[in-house]
2 protein chains.
Amino acid sequence: MIRDGQSIISILRDKIISGEFSAGERLAEIPTAERLGISRTPIRIAFRALVQEGLLEKLPRRGYQVRNVSSAQICDSVEVRGVLEGLAARQVAEAGLNQTTQDELLACLAAGDALFEDGKLVEEDIRHYQNMNMRFHDLIITASGNTAIKSALALNEHMPFASVNALAFNPQELTREYRRLHYAHMQHHAVYHALVNGQSARAEALMKEHAHATLAYSDLFDKKSAKTVSKKS
Amino acid sequence: MIRDGQSIISILRDKIISGEFSAGERLAEIPTAERLGISRTPIRIAFRALVQEGLLEKLPRRGYQVRNVSSAQICDSVEVRGVLEGLAARQVAEAGLNQTTQDELLACLAAGDALFEDGKLVEEDIRHYQNMNMRFHDLIITASGNTAIKSALALNEHMPFASVNALAFNPQELTREYRRLHYAHMQHHAVYHALVNGQSARAEALMKEHAHATLAYSDLFDKKSAKTVSKKS
DNA sequence: TTGTTTAACTTTGGATCCAATAATACCTTC
DNA sequence: GAAGGTATTATTGGATCCAAAGTTAAACAA
């Protein structure tokens, strides 16, 4: 029994991100509705929202299609996240950090410190890290008071995080994952330091670099380089 | 007779931006549907989209409400546009401008030059300018090939342009408007110059400043200053 | 065999109906 | 007069029906 309209969008989004609806697959309202055992109305609303989010593409009179999200597009998305969160960090540093936000950021940092204390991560730790990470970023964006940043990120919010994590994460390589997340966590500390000291330019630059760091230990970075080279040639 | 679903969203958006639906006004699906003489289904889809765009706010079980877009929020939105279009310009300059885009940008510049030739503007000229302006910006965003920028801007796309123009434009002051748009147009020339010469950092900085220039001749800028001061105190 | 025309099917958009639920107003009772 | 409970109303979410329009496929003719 599905009560809330929002959750249907989430369900479809998860199916796309998880690959149950594979890239390039064509989706129509009626078959999808039957597949999920609900009526067309919520599917219709969800499809439109997902088009707006950039996960679906509309083929006029031929249904919808799961957009093929290339690694280059994920890199683009990370770059966008970088400039927007960089702007947020700059504005926070300029306006000054209020006490409650400062406390909450510190709590995030402490939680992260605890996770990395024993020198290794298990899969559950990674989930904890991701929650903490999301909270840390959200705190800064919210603290900026810039609602336009929030809404601009709302669209492809899931995309960079979910896709990058899905592509970058390999359960076989927990050590590499440990290094990647630990580096990111140290950057969190640096960002916090810049924010409390009102170093706005530093905060902005750190936050931009921090977005890139999401990719730094994945092989996506190489693909992006290849793309850039081919563009220039 | 309304055929296309997208147009209903546009109609409602226009009514909000124009002030026919005033800020803070509560809207429910049924009364709005009756007011427009259509059924609830398209209204439902439109309301959800407008929530996602940030123009409406949902009051659970109490309908929707037109969000009060403050001048500070418009400034925020302009800032977001600045960093995103700055990113686009930088990427275009780095990758190099292809010939067709270059030609189309030149056509925009020529069209602008013609508008400003006789030293004054009439209201129709301003509409022409806005179309040309939109095309110029869209060309650069598209040329960047960064789809994430496009979708991030899609949300509040209308907002900065429409709202700023609505607030900044005063038919009594066509001379001031002439100066504002002429300055913006000269910046277009500078952006183009940076792009064709591959000066990526300059292109990015110019594009950011260009966004601010939208406000430079309006009194919004003062309000923003006031807000910043009050934040610090 | 190929091209054109037509018919059937697919698909979306809009309208309306029903159900669930929260808010509000009213009535009763203390 | 106030407070609490109940009933009505307002509002949204989902299901289904119908119409319009485009796509596909098949059949027929050249």
Side-chain angles (χ1 to χ4, degrees), chain A residues 1-16 20-68 151 154-155 157-158, chain B residues 1-16 20-68 151 154-155 157-158:
Chain A
M1 179 87 71
I2 294 160
R3 288 269 112 243
D4 182 15
Q6 188 58 38
S7 72
I8 293 170
I9 297 179
S10 307
I11 289 171
L12 287 174
R13 182 158 49 215
D14 289 344
K15 284 185 188 299
I16 293 171
E20 185 176 332
F21 291 153
S22 57
E25 182 174 349
R26 272 181 57 187
L27 297 175
E29 290 180 5
I30 296 175
T32 308
E34 286 170 355
R35 187 164 165 180
L36 296 184
I38 56 178
S39 85
R40 275 181 56 211
T41 308
I43 297 289
R44 209 190 305 189
I45 290 171
F47 276 8
R48 298 210 175 208
L50 292 172
V51 167
Q52 206 168 12
E53 288 185 4
L55 264 72
L56 287 184
E57 192 175 0
K58 183 170 179 165
L59 312 174
R61 288 286 157 192
R62 297 189 55 202
Y64 294 79
Q65 188 171 31
V66 180
R67 271 187 53 184
N68 187 7
S151 65
L155 278 184
E157 175 157 284
H158 44 81
Chain B
M1 178 88 70
I2 295 160
R3 287 271 112 242
D4 183 13
Q6 189 56 39
S7 71
I8 292 170
I9 298 180
S10 308
I11 290 170
L12 287 174
R13 183 160 46 217
D14 288 344
K15 284 184 188 299
I16 293 171
E20 183 176 335
F21 291 152
S22 57
E25 182 174 349
R26 273 182 55 187
L27 297 175
E29 290 178 5
I30 295 176
T32 308
E34 285 170 355
R35 187 164 164 180
L36 296 185
I38 57 179
S39 85
R40 274 180 58 211
T41 308
I43 297 289
R44 208 189 305 189
I45 290 172
F47 275 8
R48 298 210 175 209
L50 292 171
V51 167
Q52 207 169 11
E53 288 185 5
L55 264 72
L56 286 185
E57 191 174 2
K58 183 171 180 167
L59 312 174
R61 289 283 155 194
R62 296 190 56 202
Y64 295 78
Q65 189 171 30
V66 179
R67 271 187 53 184
N68 187 7
S151 65
L155 279 183
E157 177 158 282
H158 43 81

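Numbered from 1 within each chain, the chains take letters A, B, ... in sequence-line order. Side-chain atoms are counted along with the backbone in the values below, which use heavy atoms only and exclude waters and symmetry mates.
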Under-4.0 Å side-chain N/O to phosphate OP1/OP2 contact, R62(A) with dT12(C): no
From L56(B) atom CG to L12(B) atom CG, the distance as rounded to the nearest 0.5 Å: 8.0 Å
Residue-phosphate contact under 4.0 Å: R48(A) side-chain N/O, dG13(C) OP1/OP2: yes
Value in whole Å for how far the C1' atom of dG14(D) lies from CD of E34(A): 16 Å
Sugar-phosphate only, base, or nothing, as touched by Y64(A) at under 4.0 Å among non-hydrogen atoms: sugar-phosphate
Distance, rounded to the nearest Å, where I30(A) contributes CD1 and dG22(D) contributes P: 18 Å
F47(B) CZ to dT12(D) P, straight-line distance once rounded to whole Å: 8 Å
Carboxylate-amine/guanidinium contact E57(B) R62(B), below 4.0 Å: no
Residue P42(B), side-chain atoms from C-beta onward, closest of dG14(C), dG14(D), dG13(C): dG14(C)
Listed nucleotide nearest any side-chain atom of R44(A), set dT11(D), dA15(C), dG13(D): dA15(C)
Rounded distance in Å - CD1 (I43(A)) to P (dG13(D)): 15 Å
Non-hydrogen side-chain atoms of L27(B) and Q65(B) separated by less than 4.5 Å: no
dA15(C) phosphate, OP1 or OP2, under 4.0 Å from S39(B) side-chain N/O: yes
Nearest-Å distance for atom pair CZ/P, residues R61(A) and dC9(C): 17 Å
Which residue lies more 5' along DNA chain C, comparing G37(B) with G63(A) via nearest heavy atoms: G63(A)
Between dT12(C) (P) and I45(A) (CD1): distance, integer Å: 14 Å
Atom pair distance, as rounded to whole Å: CZ in R40(B) and P in dC17(C): 12 Å
Candidates dT11(D), dA15(D), dT12(C) - which lies nearest the side chain of K58(A): dT12(C)
Length of the CG-P vector between L27(A) and dT10(C), whole Å: 17 Å
Candidate list R67(A), K15(A), R35(A), test salt bridge (Lys or Arg N to Asp or Glu O under 4.0 Å), partner E25(A), passing option: R35(A)
